[in-house]
**Q** 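To start, I am sharing the structure in question, which I have written as structure tokens.
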There are 2 protein chains.
Amino acid sequence: MTSDQLSRTFAALADPTRRAMLQRLSRGPATVNQLREPFRISGPAVSKHLRVLEDAGLVVTSRDGQMRPRTLAPDALDPVRDWTEKMRHTWEARHDALATYLIEIQDTPVNERTAS
Amino acid sequence: MTSDQLSRTFAALADPTRRAMLQRLSRGPATVNQLREPFRISGPAVSKHLRVLEDAGLVVTSRDGQMRPRTLAPDALDPVRDWTEKMRHTWEARHDALATYLIEIQDTPVNERTAS
DNA sequence: GCCATATATTGCCAATTGGTTATATAACCA
DNA sequence: TGGTTATATAACCAATTGGCAATATATGGC
């Protein structure tokens, strides 16, 4: 992992087990054992996944007796949205400009066109 | 990589060099050497990054003489947006319901409250 | 056909990842 | 205090990753 926050977040999301855990958490807080239940993986494997999610800022841990319930922290998804939407916007701006240009030259007789 | 498409896409985005390449491509197609230029990495490293991006469906390759220009394929970002927005929506729906409940019990005198 | 340019493939390496079992810690319960 | 439950940490392993240098392939120009 390249240690920058956005890379950590994308990497945390690049695993189906972790994404399933996040989806479970989107419906409300859950204990480690609740998060483990849908999978056939060991406790330590769950702990490791949760560590990755916490390092990415996607979940936070609290304490309730001997349990350490996790809660989703959806604000950590904002940089993901911002980055992808910026990509899309740059791409679309370029294509809008291209479309405008194509319409312009279409409406201009060849002998009136100027190099721009 | 867990071999499902969404994981491949997230993993492709989890590297700052690859994200920078995508940002370059969002301003228009580019050759391998153009994509390489901002970095101090070898040609093969660039090829590998581009392979990852192509496997994720984020770029497509064409041919122009001896060059193989890459073009952004921004539709591959849609599943990323869909997944994250669904997460957010589930979370917010739950919190809207909680807020409604809190307002309800606030407006109801204690002795009129019923277990729901 | 020959050379230069653009890019890909191969073989290698160190670091990271996702999993395991065994062990430790922490809190509740009797 | 001792036992049980919930979770974390340690130590290890195989697979994957991101990088490199060396080599191969493909195309255009002479």
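These numbers come from the heavy atoms of this one structure, side chains and all, not from hydrogens, waters or symmetry mates. These numbers come from a predicted model, not from an experiment.
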**Q** Once you round it to whole Å, what is the distance between C1' of D/dA15 and NZ of A/K48?
**A** 13 Å
**Q** Classify the nucleic acid contact of A/G65 as base, sugar-phosphate or nothing, counting any heavy atom under 4.0 Å across all strands shown.
**A**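 It contacts sugar-phosphate atoms only.
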**Q** Could you tell me the separation between the CG atom of A/L35 and the C1' atom of D/dT7, rounded to a whole number of Å?
**A**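 One finds 12 Å between C1' of D/dT7 and CG of A/L35, rounded.
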**Q** Which nucleotide in the list C/dG11, D/dA26, C/dG18 gets nearest to the side chain of A/V52?
**A**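 Nucleotide nearest to A/V52's side chain: C/dG18.
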**Q** Both B/R36 and A/D15 contact DNA chain C. Taking the nearest nucleotide for each, which residue is further toward the 5' end?
**A**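 Of the two residues, B/R36 wins.
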**Q** Tell me: CZ of B/R51 to P of D/dT17, nearest whole Å?
**A**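 Going from B/R51 (CZ) to D/dT17 (P), I get 11 Å.
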**Q** Nearest 0.5 Å, please: how far is OG1 in A/T9 from CG in B/L13?
**A** 11.5 Å
**Q** Answer yes or no: does a side-chain N or O of B/R63 lie under 4.0 Å from OP1 or OP2 of D/dT27?
**A** yes
**Q** Side chains of A/S62 and A/R70: any donor to acceptor distance under 3.5 Å?
**A** no
**Q** Take the protein atom CZ of B/R40 and the nucleotide atom P of D/dA21, then report the distance between them rounded to whole Å.
**A** 12 Å
**Q** Grab the CD-P distance between B/E37 and C/dT7 for me, whole Å please.
**A**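 Taking atom P of C/dT7 as the reference, CD of B/E37 is at 13 Å.
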**Q** Does a side-chain N-to-carboxylate-O contact under 4.0 Å join A/D4 and A/R8?
**A** no
**Q** Is it true that a side-chain atom of A/R68 and a backbone atom of A/R63 form a donor plus acceptor pair closer than 3.5 Å?
**A**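 No.
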**Q** Base, sugar-phosphate alone, or nothing: which one does B/A45 contact when heavy atoms must sit under 4.0 Å apart?
**A** sugar-phosphate
**Q** Out of D/dT7, C/dA6, C/dG19, which has the shortest distance to the side chain of B/M67?
**A** C/dA6
**Q** Would you kindly give the CD-to-C1' distance between A/Q66 and D/dG3, to the nearest whole Å?
**A**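 It is 12 Å, rounded to the nearest whole Å.
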**Q** How is B/R70 classified with respect to the nucleic acid when contacts are heavy atoms under 4.0 Å: base, sugar-phosphate, or nothing?
**A**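 B/R70: backbone/sugar contact only, no base atoms under 4.0 Å.
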**Q** When you compare the side chain of A/Q23 with that of B/T90, does any pair of heavy atoms fall below 4.5 Å?
**A** no
**Q** Touch check for A/R18, heavy atoms < 4.0 angstrom, all strands: base, sugar-phosphate only, or nothing?
**A** sugar-phosphate
**Q** Atom CZ of residue position B/R51 - does it have more than 12 heavy atoms of other residues, nucleotides or ligands inside 6.0 Å?
**A** no
**Q** Any side-chain N or O of A/S47 less than 4.0 Å from the OP1 or OP2 oxygen of D/dT7?
**A** no
**Q** Just report the end-to-end axis angle for the helix from C/dG1-D/dC30 to C/dA30-D/dT1, five pairs per end, to 10 degrees.
**A**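 Roughly 20° between the end axes, to the nearest 10°.
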**Q** Considering only side-chain heavy atoms of A/N33, which listed nucleotide, C/dT7, D/dA6, D/dG19, is closest?
**A**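 Closest of the options to the side chain of A/N33: D/dA6.
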**Q** B/F10 has an atom CZ; how far is it from atom C1' of D/dT16, in whole Å?
**A** 20 Å
**Q** Using a strict cut-off of less than 4.0 Å between a Lys/Arg side-chain nitrogen and an Asp/Glu carboxylate oxygen, indicate whether B/R88 and B/E85 qualify as a salt bridge.
**A**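 Between B/E85 and B/R88 there is a salt bridge, with a charged N closer than 4.0 Å to a carboxylate O.
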**Q** Would you kindly give the CG-to-P distance between B/L13 and D/dG18, to the nearest whole Å?
**A**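 After rounding, the reported distance stands at 12 Å.
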**Q** If the plane angle is over 60° it's perpendicular, under 30° parallel, otherwise tilted; pick one for B/F10 and B/W83.
**A**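 Aromatic pair B/F10/B/W83 classed perpendicular.
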**Q** For C/dT17, take OP1 and OP2 only and decide whether either is under 4.0 Å from a side-chain N or O of A/H49.
**A** no
